[in-house]
Protein chains: 4
Amino acid sequence: MQVQKDDVRNKIIAAATEEFLNAGYQQSSMRNIAAQAGITVGNVYAYFGGKDALFESIISPVWQSLNRLISIPVDTQDLMTLPTLNQITDLITETFLENRPQFLILMNKSAGSPYKNARAELSAMISGRLSRDILPQCDPLLADAMAGAILEGIFTVFNHYGGDGSRLRTLISELLGLLLGSIPCKYPPKHE
Amino acid sequence: MQVQKDDVRNKIIAAATEEFLNAGYQQSSMRNIAAQAGITVGNVYAYFGGKDALFESIISPVWQSLNRLISIPVDTQDLMTLPTLNQITDLITETFLENRPQFLILMNKSAGSPYKNARAELSAMISGRLSRDILPQCDPLLADAMAGAILEGIFTVFNHYGGDGSRLRTLISELLGLLLGSIPCKYPPKHE
Amino acid sequence: MQVQKDDVRNKIIAAATEEFLNAGYQQSSMRNIAAQAGITVGNVYAYFGGKDALFESIISPVWQSLNRLISIPVDTQDLMTLPTLNQITDLITETFLENRPQFLILMNKSAGSPYKNARAELSAMISGRLSRDILPQCDPLLADAMAGAILEGIFTVFNHYGGDGSRLRTLISELLGLLLGSIPCKYPPKHE
Amino acid sequence: MQVQKDDVRNKIIAAATEEFLNAGYQQSSMRNIAAQAGITVGNVYAYFGGKDALFESIISPVWQSLNRLISIPVDTQDLMTLPTLNQITDLITETFLENRPQFLILMNKSAGSPYKNARAELSAMISGRLSRDILPQCDPLLADAMAGAILEGIFTVFNHYGGDGSRLRTLISELLGLLLGSIPCKYPPKHE
DNA sequence: AATGAATGAGCATTCATTCAT
DNA sequence: GATGAATGAATGCTCATTCAT
């Protein structure tokens, strides 16, 4: 019974993940998901409670991972110097590699969902780091813009990249080198 | 009569612009727009013909401006060296300054609309420029990522910036300096 | 002023006649009619009062003509023997020749209009004649069917025939010969 | 459950058949049908998918039967002499007897529907037969008119006749005798 | 646990008609 | 007399959600 239940759960999760990834949260239909999973609508509700909760079930693990990043207070006193941005993007990349579709849904297809602000929060966290450690005198708006740019760059690579992890990590690293290499001292370009 | 007609037109445009900006094209409702404009649904249709056409009325001017950029063939032979990217972002900034909400709708809220690909087209154009003039040996995916990053950075500033044009231009210029300053020779950082 | 008024009237009549003939009463739109006439919707209402009344204005003359036929009581005592059916169809043909589009509208495109029963009434009248004079012992239902058949036959010719009156009269006459030639004595086939 | 489901299906079919028969395809409203069936609009869509499909569900069986007639090529070489017209009308009568309201809807109330040309196609087929076998030298227009007349006559009987099949067959036979009895040799009047 | 029928509010759109100007 | 903006109810259709079985 338990086996069967997990089987159904997994089918729903798989179908919903595909639907959310293809159509986005708002344009996804519970009917489609149920049909794709080969079960009935009512049963999707029995398992997950609703569209929001189903989305949450899928996205929550990725969100937990990212939240560990996001929830680190930026004004902490421990020395958080330059390498951290690399660590952050590494962590993001790891999270992506572990849950590609979920990650892409969360970052690009969550409009209208309970997680609609996820990307903004991640961006805000990165912006905080930039302000504190890399661009200290910088206009906060510029830090936000840099954070958004970095994320968008990374996600563009994520979106179009289908290969394995190591090449991906190189790409992301190169990208960061390009995006941040000009910042004096603190982020020396890797390839010079 | 004419005055009143323009008044209603403007009310509809204002209401629709706000609705599109808040909710995005797909989630905007003609009923809401009509109610917000203080008129009946049928009258919105009398003025604009439909949701698509209403959206088009609002977005078309901005799109015309941007299209001039997008439609420049990237593989042209005339010398198109580095300064061009600055020119591009200047033009984008001017377009934004002339029609702020419309610009933001077109770039961030047009999912599902006839203009849904606008941002991607603009990004592709910038990516083409980068590949050709700034990052010639670069992986095309990296050029796409850089283009996306630059656009996202600029749009983030646009989104949060409420002041006048001159300060904005400075911000965008600083942003580009940060994003591209590391690229050897061709894009010397402005602030050193 | 009077001249102008008639001019407008005529334009509306012409536009409406075409619209009714093409689209039928129900599917015709006051907007289309006004646009086709080159005037405004409100003015159509000023001249004719509404869709029903406009239809009535166009159809009424034809209807008057036909009504003279229809309103002759079938149970009158004067001898109304066989030739009468020919007279009836002659009159119908004359009415058609004088007002082709109006006639076709009334007979084929008046569904949903105040004249929706016109054809049925005409048919009932012919049926009455048939019962009384041509098919006296016949089942009333059969008389109805014959009346309907005769009318449909005639209208089919009307619908597809674009030429002049004399050829049309010949066609109708031949048609009646075919349809009624078998009825003994009273309707001798013309061509034998 | 299954019983109930069929029950609802039948209620919808019954309500829709009545609505289509009374108001015609175009003027029928899904809301009316749902209300008449005692269920909600959405449920009608759940069962039948849409107005067209609902109409199709009702009309399709009758259309299949008639289509067997219509699709017989007229220019075939096998001997197709006079009795065939009788066979055709017999088949039409059988089809009507099996599905009375559906037949009447298809022939008289299908304007605007996917089956709007059904009657014209049937008429054209009969016209072809008449031209080929019964009225060989005849003006094609006259053959069309005769075909239309025959159909209209038959349908008039169908419309007003509520009794059983045998009486109906007699009526149709008599009607054809009247309509075609004059045609020399080939269609000898039955009643002489 | 599973079904899937049923709900009802929502959507974009159309159109005959009215009426202030 | 003429305008055309405005109305508002109607239409076909969708979909997240509920609930009796």
Side-chain angles (χ1 to χ4, degrees), chain A residues 1-2 4-5 7-9 26-35 38-54, chain B residues 1-9 12 26-34 37-54, chain C residues 1-2 4-5 8-9 26-35 39-54, chain D residues 1-9 12 26-34 37-54:
Chain A
M1 185 66 81
Q2 187 62 28
Q4 213 182 35
K5 218 180 134 180
D7 181 47
V8 171
R9 263 191 90 87
Q26 305 223 51
Q27 298 304 305
S28 291
S29 134
M30 295 296 273
R31 273 172 166 71
N32 281 355
I33 291 168
I39 62 157
T40 57
V41 206
N43 218 15
V44 178
Y45 279 83
Y47 273 85
F48 293 96
K51 201 182 180 184
D52 278 16
L54 173 56
Chain B
M1 182 69 83
Q2 189 60 32
V3 170
Q4 225 193 29
K5 204 188 152 186
D6 278 356
D7 183 45
V8 171
R9 237 193 119 80
I12 298 174
Q26 301 220 57
Q27 297 306 306
S28 292
S29 131
M30 295 297 273
R31 279 168 166 78
N32 280 355
I33 292 168
I39 60 164
T40 55
V41 207
N43 214 17
V44 179
Y45 281 84
Y47 275 85
F48 293 96
K51 201 181 180 184
D52 276 19
L54 173 56
Chain C
M1 188 64 83
Q2 187 62 27
Q4 212 183 36
K5 220 181 129 178
V8 171
R9 264 192 89 88
Q26 305 222 51
Q27 298 303 305
S28 291
S29 135
M30 295 297 273
R31 272 169 165 72
N32 281 355
I33 291 169
I39 63 157
T40 57
V41 205
N43 217 14
V44 178
Y45 279 82
Y47 274 86
F48 293 95
K51 201 182 180 183
D52 278 16
L54 173 56
Chain D
M1 181 69 81
Q2 189 61 29
V3 170
Q4 226 191 28
K5 204 190 154 184
D6 279 355
D7 183 44
V8 171
R9 234 193 122 81
I12 298 173
Q26 301 220 56
Q27 296 306 306
S28 292
S29 131
M30 294 297 273
R31 275 168 169 77
N32 279 355
I33 292 169
I39 60 163
T40 54
V41 205
N43 213 18
V44 179
Y45 281 85
Y47 275 84
F48 291 96
K51 200 183 182 183
D52 276 19
L54 174 55

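Bear in mind the structure is a predicted one, so any value in this text is a computation, not a measurement. Chain identifiers are assigned alphabetically (A, B, ...) following the order of the sequence lines, protein sequences preceding nucleic acid strands; residue numbering begins at 1 within each chain.
Nearer the 5' end of DNA chain E, as judged by each residue's closest nucleotide, is the contact made by D:Ala46, out of C:Val41 and D:Ala46. In terms of position along DNA chain F, the nucleotide closest to B:Gly38 lies nearer the 5' end than the nucleotide closest to the other residue of the pair A:Asp52 and B:Gly38. Between B:Gly42 and D:Gly50, it is B:Gly42 whose nearest contact on DNA chain F lies nearer the 5' terminus. Each of B:Asn32 and C:Gly49 has a nearest nucleotide on DNA chain E; the 5'-most of these lies closest to B:Asn32.
Contact detail for B:Val44 and B:Ala34: the closest heavy-atom pair is CG2-CB, 3.7 Å.
The CD atom of D:Gln26 sits 13 Å away from the C1' atom of F:dG12 (whole-angstrom rounding). As rounded to whole Å, 10 Å separates atom C1' of E:dA5 from atom CD1 of D:Ile12. Distance OH (B:Tyr45) to C1' (F:dA9): 15 Å, rounded to an integer number of Å. We find that CZ of C:Phe48 is positioned 12 Å from P of F:dA2, with the value rounded to whole Å. The distance between atom OH of A:Tyr47 and atom C1' of F:dT17, rounded to the nearest whole Å, is 19 Å. In this structure, the CD1 atom of D:Ile33 is 16 Å from the P atom of E:dA6, given to the nearest Å. Rounded to whole angstrom, the span from the CD1 atom of A:Ile39 across to the P atom of E:dA1 amounts to 12 Å.
On a pure distance criterion of 3.5 Å, no polar donor-acceptor pair joins the side chain of D:Arg31 and the base of F:dA10.
Within the nucleic acid shown, D:Thr40 comes within 4.0 Å of at least one base atom, counting heavy atoms only.
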Next on the checklist: Run A:Gln26 and B:Gln26 through side-chain contact (heavy atoms from CB on, under 4.5 Å) and show every step you take.
Outcome noted: CA-CA 9 Å; A:Gln26 305 223 51; B:Gln26 301 220 57; over 6 Å; no

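Side-chain atoms of C:Val8 lie closest to F:dA2 of the nucleotides F:dA16, F:dA2, E:dA16. Picking from E:dA1, F:dA6, E:dA16 the nucleotide with the shortest atom distance to the side chain of C:Met30 gives E:dA16. Distances were taken from every side-chain heavy atom of A:Asn43 (C-beta onward) to each of E:dA6, F:dG8, E:dT3; the shortest belongs to E:dT3.
Taken from CD1 in D:Ile12 to CG in D:Leu54, the straight-line distance is 7.5 Å, to the nearest 0.5 Å.
Both key distances under 3.5 Å define a Watson-Crick or G-U pair, and stretches of 3 or more such consecutive pairs in DNA chain E run E:2-21 with F:2-21.
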